[in-house]
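The block underneath contains the structure these notes are about, expressed in structure tokens.
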Amino acid sequence: MPESALVAPGLPPPAPAAEGALQKQLALADLVDPESFREVFQSYAELYRVGIKVFDANGTKLVDVRVGGGEFCTYLFQHGPTQQRCTALVRQLKNQDYWATAEDPTRAAVVNCFSGLRYVVQPVVHEGDYMGRIIFGPFVPQEDPKPNPLLRQWEPKLDEARLVELMSPIRRAPDEVINKVIEQMQKVIAVILFTSYRAAMVSSMHIESVTQSYQELMEKNRRMEEQNERLKELDKMKSNFLATVSHELRTPLTSIIGYSEMLLEGMAGEIQDQQREYIQTIMEKGESLMKLITSILDLSRIESGNLKLALADVDLYAVTKAALTSIVPQAAKKKVELKTDMDPGLPRITGDEDKVRQVLINLLGNAVKFTPENGTITLRVKNYFGPRKHARSGGDKTGAVALFGIAEEDFVRLEVEDSGPGIPEELLEKVFERFYQVDNSSTRVHGGTGLGLSIVKSFVDAHKGDVWAESQPGKGCKFVVLFPVVRT
Amino acid sequence: MAARSPTSMVQFNLSQREITLKVVYYGPALSGKTTNLQVVHQLLDPQCRGRLMTLDTADDRTLFFDLMPIFFRTSQGFKVKLKLYTVPGQVMHNSTRRIVLAGSDGVVFVADSQLKEAKANQDAWAGMMENLKENGIDPEQVPIVIQFNKRDLPNVRTDEEMEKLRKSSKEPIFKAVAVEGKGVMETLYATVKATFRALNARYEFERKFGLTEKEFLHSIFKNVDLQSKGINLGEELA
């Protein structure tokens with residue numbers, strides 16, 4: 001029958017099936033574990049020596065336990081007239097609609113067999129719902145423990161003595177006893193049903209909660225991903241903006257510096273000392289502004305992902321020499337001694353020569369800046385086999401990361417050590433952040449953009465290397481760079 | 001087999017002549033929802049109620065819900081089932097609360113009268129409104145009855161305040177001491193009555209199924225020992 005046929009006009013239409021965790025109607029067969037259920041009735045049947053059958057509300061047979069007495073029924077079934085009656089009785093007991101739609105389906109019914117035996121049909125009811133029925137029997141009624149005398153009228157071929165003999169093993173019981181047994185059995189069934197029902201509710205509720213939580217999480221994830229995408233987009237726009245602005249600023253600045261230089265060289269006529277001093281200041285400031293803009297441009301290129309490495313074999317001796325050459329004048333100005341300590345036979349690394357040199361220049365420049373007069377700066381370039389300081393997969397150095405993330409590798413290790421004021425431990429990671437200077441007042445003393453070390457970090461990261469700072473405050477600090485060496 | 005409207009649980013199963021309704025006890029943690037249900041279970045005639053199913057943790061906090069079914073047959077041969085649920089009050093179980101609240105035909109909001117619980121009451125109420133809406137239930141349409149429980153504790157709202165609240169509130173308000181059984185039946189009675197009225201207005205129980213409000217209420221509360229408990233449910237049942 002189609003579902004709609006059950007619904008009277010004017011009633012609300014069926015809802016989508018989604019809401020159903022708590023509303024599912026469960027059949028007996030869905031609720032109980034068939035094997036255990038059967039065992040319970042098996043033990044009852046053995047205890048009382050009476051057969052038990054259980055059908056669920058759909059007419060499915062869940063339990064069928066027989067205990068002796070079968071020969072009596074078999075004997076009757078071998079004869080036509082009694083066979084017919086037997087078939088009719090079985091049909092009645094099995095008639096699903098009859099039992100399910102009885103006036104009061106919760107009440108037990110006594111069914112007398114034509115042979116003189118008796119059955120009791122007890123409905124299984126849970127919270128007012130008809131769940132199925134138990135057929136208890138056959139047993140011999142206490143008040144009339146003989147085969148039905150009419151049996152031999154219906155079938156004269158039946159032998160009286162044989163009937164009595166075959167009936168004798170069948171349990172004889174007064175109705176009160178049977179009622180008590182059934183009452184007791186119902187209690188057990190009630191507990192089984194209640195427990196099973198609760199378990200079913202719990203598990204469906206559990207699944208529903210988990211499903212909903214999962215959907216909520218997925219929704220949140222989706223929203224966060226969207227936001228993340230938007231932030232990335234914004235970040236890119238910011239970097240592009242910086243790049244454009246820096247570029248646009250450089251063009252007029254080049255002219256300012258250029259014309260100042262021409263003035264200084266006297267290309268526009270003789271200039272006085274004071275004018276020279278002023279123009280020199282314009283040029284110096286112009287140049288430091290140019291450096292700042294160039295750094296911003298570099299950084300925004302790095303951030304917008306436009307940093308491209310021109311990879312080649314890098315000769316570290318040549319690169320180091322070039323870097324030192326460009327830093328010597330600054331160092332000499334401050335009377336800072338530059339020492340170098342390079343391993344012989346360093347391997348070539350795969351990298352971008354310009355960027356590697358820039359890394360060295362920035363670190364050396366930084367060291368010169370923070371080293372007081374007559375101080376010392378030491379540059380070491382060494383073969384190194386060991387772990388990184390920063391695990392490749394991020395900052396977390398526990399669990400698997402500790403095991404796999406910081407394996408020992410081949411590196412070229414560059415160290416730039418100064419004899420400056422040093423960096424407090426808690427700030428050792430921060431110095432690589434953009435525009436960060438340990439002490440803001442130092443910007444005024446030492447100058448600089450606060451971008452140099454952040455560019456170092458970006459370049460080293462791009463080379464899949466590692467960089468960090470070590471320091472004992474008061475005794476200077478040491479910047480360490482690892483460039484990976486790929487051995488072939 | 002069952003047909004139901006998207007916004008309420010009431011289920012009609014005409015082939016089996018069955019009507020199923022759902023009332024949910026909602027409220028902040030430890031306000032006494034389960035206790036309410038335990039009292040109802042104790043006082044109702046065992047003939048018309050099932051076991052109280054409690055799904056709780058070892059420390060007696062409701063984990064999923066409590067459920068107690070009430071059932072009876074009407075004079076017209078309809079089987080009526082009224083399922084009383086409680087939600088878990090702890091904040092973390094919101095998705096469970098929402099699931100349990102789905103398809104409610106009536107709601108009891110069990111508030112904690114203690115002044116220090118005012119915020120918890122407020123949060124639970126706001127959560128309930130949201131969960132009703134998310135279940136497609138219009139909070140304006142579903143009958144809601146408020147119970148202020150734990151009236152016996154110190155530092156609670158005064159009776160005068162309660163009276164003022166009662167006058168200004170759209171929802172009926174009941175005072176209760178659920179652990180002593182006080183106010184529990186009154187709350188349930190008012191909720192069941194309001195629920196029947198709302199559903200009858202919508203689905204014409206009386207005209208279609210011959211089920212009157214009087215019969216409905218009588219079937220549930222007929223064998224409750226009201227007098228010895230000092231419970232006064234009003235005129236209808238006298």
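In what follows, chains carry the letters A, B, and so on, assigned in the order in which the sequence lines appear, proteins first and then strands, with residues in each chain numbered from 1. Side-chain atoms are counted along with the backbone in the values below, which use heavy atoms only and exclude waters and symmetry mates.
Between the side chain of B/N149 and the backbone N or O of B/A178, at least one donor-acceptor pair lies under 3.5 Å.
Using a 4.5 Å cut-off between heavy atoms, B/R98 touches chain A through its side chain atoms alone. For B/L67, the part sitting under 4.5 Å from any heavy atom of chain A is the side chain, from C-beta outward, and nothing else. For chain B, no part of A/H126 is nearby; none of its heavy atoms comes within less than 4.5 Å.
Taking the six-membered ring wherever Trp is involved, the centroid distance between the rings of A/Y44 and A/F136 does not fall below 6.0 Å.
Within the structure, ring-ring contact (aromatic ring centres under 6.0 Å, His included) contacts touching residues 93-112 of chain B (residues at least two apart or in different chains) are B/F109-B/W125.
Under the 4.0 Å criterion applied to side-chain N and carboxylate O atoms, B/K193 and B/E213 are not assigned as salt-bridge partners.
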